[in-house]
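Letters A, B, ... are given to chains in the order of the sequence lines, protein chains preceding strands, and every chain is numbered from 1.
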Amino acid sequence: MQEFSSKYDPKETEEKVYETWEKSGFFNPDVCVEKGVTPKNAEIFSMVLPPPNVTGTLHIGHAFEDTLQDIVVRYARMQGKRTLWIPGTDHAAIATQSKVEKEILKNEGKSRHDLGREAFLRRVNEFAKASHDTIVRQVKRLGSSLDWSREAYTLDEQRNFGVRTAFKKMYDLGLIYRGDRIVNWDPKMQTTVSDDEVEWLEEKIPFYYLKYGPFTIATARPETKFGDKYVVMHPDDERYKKYKDGEKLQLEWINGPVTATVIKDPVIDMEFGTGVMTITPWHDMTDFEIAMRHNLTMEQTIDLNGRLLPIAGEFAGQHIKNARSVVAEKLQKKGLLVKTENNYTHRVATNSRGGNIIEPQIMKQWFVAVNKPFRSGFFKKTTLKELMREAVASGKVRITPERFEKIYFHWIDNLRDWCISRQIWFGHRIPVWYKGEEIYAGIEAPTGEGWEQDPDTLDTWFSSALWPFSTLGWPKETKDLTTYFPNSLMAPGYEILFLWVARMILTSGVLLNEIPFRTVLIHGIVRDSKGRKFSKSLGNGIDPLVLADTYGADALRMALIIGAAPGNDIKFDEQRVKGYRNFSTKIWNIARFISMNKPESADPARVDINNRREIQELAALKKEVTAYIESFDFHLAGEKIYHYIWHTLADKIVEAEKKVLRDGSEQEKLTSDALLEKLFLDSLKLLHPFMPFVTETVWQEFRPGTILMVEKW
RNA sequence: GCGCCCUUAGCUCAGUGGUAGAGCGUUUGCAUGACACGCAAAAGGCCGCAGGUUCGAUCCCUGCAGGGCGCACCA
């Protein structure tokens with residue numbers, strides 16, 4: 001055994017240890033089988049890393065997420081399971097594109113159009129590659145035991161083939177369609193975004209009461225109402241009983257006389273405002289639905305750049321955000337403004353990627369139909385919505401903590417068709433070609449002249465949705481797919497339960513007639529010490545690598561895990577990392593103590609210690625820790641083992657050993673030493689999933705040539 | 001509006017149907033065969049409020065208050 005240095009330096013040792021693991025090949029379950037570490041018929045444990053976006057670097061939330069997973073994976077591996085954990089990264093279409101666009105604009109004053117599609121994409125890919133390399137380095141630094149030989153990227157060749165295949169299959173089933181529907185349009189980024197990517201922000205604005213013929217209507221957005229020619233009220237509203245559904249009225253409006261039609265619809269809230277409103281179906285989701293129900297004509301008022309169209313008369317060409325006050329002014333001049341309420345709380349739709357205001361538009365886009373019945377071998381006749389619900393309701397997929405199942409169902413109930421086409425360049429090109437009126441959807445381009453591919457790309461979540469099986473080689477019937485699918489576990493944060501988890505269940509159900517994973521372990525968000533989210537604008541970011549370098553990745557892992565009950569947010573406090581750094585040192589010093597005081601003739605095999613109380617105590621602890629890990633209560637498991645090592649093993653047993661060394665007989669010394677070493681090494685095993693680096697380092701000092709990572713639990 | 005969660009020691013949080021635990025912090029000793037990133041000890045809590053179930057509730061139920069979040073969306 002080597003001499004233990006007086007101080008444990010995590011920074012120095014951790015990188016070396018990771019190299020040892022990588023060289024061993026044991027991150028790859030097939031190597032474990034080949035080398036006889038894992039039996040061929042061992043139970044399977046498989047998982048895919050939620051792929052980090054290639055938009056820069058990892059933050060502390062990734063460190064938390066990766067640690068959770070690494071604990072499960074290391075535990076499974078030590079349990080003797082055939083354990084696979086696949087790494088990868090996500091191209092994150094819109095997020096990455098907008099990041100690069102901003103950078104190029106800032107540094108070179110050029111837009112993506114100045115560069116052109118091809119040159120711009122080259123730039124984005126370069127950026128993505130650099131981010132990827134940084135991310136991989138970071139993930140390794142934190143100790144994640146991933147099988148790098150199977151690394152995937154949501155935008156690589158293999159995954160692109162999967163995306164095209166998925167699109168084609170769902171198109172053939174009638175589950176992907178092209179249609180004119182209202183979508184969330186970001187005029188600044190010039191693209192649609194899905195409902196789940198819209199973020200509603202509150203703002204205080206004036207609320208206008210306007211004279212609309214015999215009615216008074218209330219609105220927060222007079223600047224959109226030029227084309228309003230339907231006036232809607234509740235069928236049971238006594239106040240407006242004398243107006244009949246479909247009745248036509250002549251009235252004076254912003255730019256002159258219009259013919260208005262009365263519509264009766266029960267969505268109207270009689271209590272709100274005056275109980276009457278006019279509708280703008282082209283630019284409002286609710287209005288659009290009313291118009292669809294009553295088969296009304298719809299007219300565009302705002303163009304795709306956010307400017308008013310000729311329908312606005314004298315205001316045509318004005319940007320929508322400047323129009324409100326001038327339109328209100330004109331209304332007042334015409335005597336149409338009844339009153340203004342100030343300080344009205346309004347919710348504005350913004351794009352969560354970039355924060356621009358959303359102006360809904362009716363556009364021809366590609367959608368996934370969630371309410372359309374279709375036939376599917378396993379699920380019989382169903383809809384995607386039912387399929388998603390059924391997978392969880394039946395218990396085939398278990399979401400834990402359980403409360404997230406309720407949230408999941410609630411979301412499904414309110415789900416609308418998913419808009420999957422984006423007008424950005426970076427991403428999977430939609431596998432559809434046009435020639436005049438002809439449309440061709442296929443995995444490969446059609447033969448023949450004159451076909452032109454759809455210029456749009458797919459929502460990034462469309463490719464992420466395939467992740468649990470695209471990483472295993474689907475659509476090819478690979479050995480990996482038959483061996484490792486469905487995945488045992490998936491461990492995402494609750495903020496992507498809908499964006500991602502639900503959609504993986506969807507695609508897997510349609511394309512493979514199977515659930516993508518058996519268990520979903522949901523975790524919370526890491527917040528700063530004041531409870532705020534980490535964000536660039538607040539500048540409160542903490543670099544996990546700086547922490548790992550200062551205190552050790554082990555310490556960072558412990559600080560993130562202990563005190564974090566499943567699914568709960570955690571407030572991050574650097575003090576805690578420091579505390580667990582001290583614990584690493586403690587372990588190092590126990591090792592030092594044992595090696596310094598080892599009797600010359602020590603041979604553990606010669607002494608029988610099986611009946612010792614301490615052995616049974618540790619066995620009981622092992623049982624407890626195991627149960628906690630099995631139930632995903634890592635915070636309890638980690639605390640237990642931490643407490644045992646420090647306050648029992650070090651404080652009690654090591655102290656007792658000192659007495660034996662001083663006063664005991666030769667035989668007592670041998671027994672005591674054997675006992676101590678056994679207890680120490682066994683507790684290292686229990687701690688290994690949590691603090692893989694110190695435990696491995698110390699283990700290899702005591703058991704040269706072996707690797708703790710693949711020792712039996 | 002519908003739904004989910006939280007309220008426990010100064011701080012951050014675990015936890016259990018039998019009147020409570022950790023880390024950090026605080027106080028007091030201590031250079032004791034590894035460790036001051038340490039050792040030994042201590043102080044500190046009507047477990048948000050009000051009812052109910054129970055032999056017994058911090059834990060289960062109901063209501064209330066405060067805080068957080070999700071969905072829907074109010075024109």
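Considering only side-chain N and O atoms, K571(A) lies under 4.0 angstrom from the phosphate OP1 or OP2 of C13(B). Between N597(A) and A34(B), a side-chain N or O to OP1/OP2 separation shorter than 4.0 Å is absent. Residue K586(A) places at least one side-chain N or O closer than 4.0 Å to OP1 or OP2 of C39(B).
Atom-to-atom, CG of D284(A) to P of C73(B) comes out at 9 Å; the value is rounded to the nearest Å. The distance between atom CH2 of W200(A) and atom P of G70(B), rounded to the nearest whole Å, is 14 Å. Note: CG (D569(A)) to P (U12(B)) measures 14 Å, nearest angstrom. The interatomic distance linking R221(A) (CZ) with C73(B) (P) rounds to 16 Å, in whole Å. One atom, CG of N589(A), and another, P of A31(B), lie 20 Å apart when rounded to the nearest Å. When the P atom of C24(B) is taken as reference, atom CD of Q575(A) falls 9 Å away, rounded to whole Å. Rounded to whole Å, the distance from CG on N568(A) to P on U8(B) is 13 Å.
The side chain of R347(A) sits closest to C73(B) out of C73(B), C71(B), A34(B). Distances from the side chain of I407(A) to the nucleotides C4(B), C37(B), C35(B) place C4(B) closest. In the set C35(B), A14(B), A22(B), the nucleotide with an atom closest to the side chain of H635(A) is A14(B). Of all nucleotides listed (C5(B), A22(B), A34(B)), C5(B) comes nearest to the side chain of R403(A). Taking every side-chain heavy atom of W646(A) into account, G38(B) is the closest of G38(B), G23(B), C4(B).
With P as the reference atom, G17(B) and C59(B) are 11 Å apart, rounded to whole Å. Rounded to the nearest Å, the gap between the P atom of G38(B) and that of G3(B) is 50 Å. Rounded to a whole angstrom, the distance from the P atom of A31(B) to that of C13(B) is 39 Å. Rounded to whole Å, the separation between the P atoms of A9(B) and A20(B) comes to 14 Å. The gap from the P atom of G15(B) to that of U53(B) amounts to 29 Å, rounded to the nearest Å. Rounded to whole Å, the separation between the C1' atoms of G52(B) and G10(B) comes to 34 Å.
Residue contacts for D651(A): at a heavy-atom cut-off of 4.0 Å it reaches the sugar-phosphate backbone alone, with no base atom in range. Using a 4.0 Å heavy-atom cutoff across all strands shown, R576(A) reaches no nucleic acid atom at all. Using a 4.0 Å heavy-atom cutoff across all strands shown, A218(A) reaches at least one base atom of the nucleic acid. Nucleic acid contact class of V232(A) (heavy atoms, under 4.0 Å, all strands): none. The residue G275(A) sits close to a base: some heavy atom pair falls under 4.0 Å. Using a 4.0 Å heavy-atom cutoff across all strands shown, I570(A) reaches no nucleic acid atom at all.
For D663(A) and M285(A), each mapped to the nucleotide of RNA chain B holding its nearest heavy atom, the one lying further toward the 5' end belongs to D663(A).
Ring-plane geometry between F64(A) and H523(A) is classed as perpendicular, the angle between the planes exceeding 60 degrees on a 0 to 90 degree scale with a lower cut at 30. Classification of the Y240(A)-Y243(A) ring pair by plane angle, with boundaries at 30° and 60°, yields tilted. Using cut-offs of 30° and 60° on the angle between ring planes, the pair Y408(A) and W411(A) is tilted.
A donor atom on one side chain and an acceptor atom on the other are found under 3.5 Å apart for Y551(A) and E574(A). There is a side-chain donor-acceptor pair under 3.5 Å between N184(A) and D195(A). D196(A) and S194(A) are not linked by any side-chain donor-acceptor pair at a separation below 3.5 angstrom, with hydrogens and angles left out of the test.
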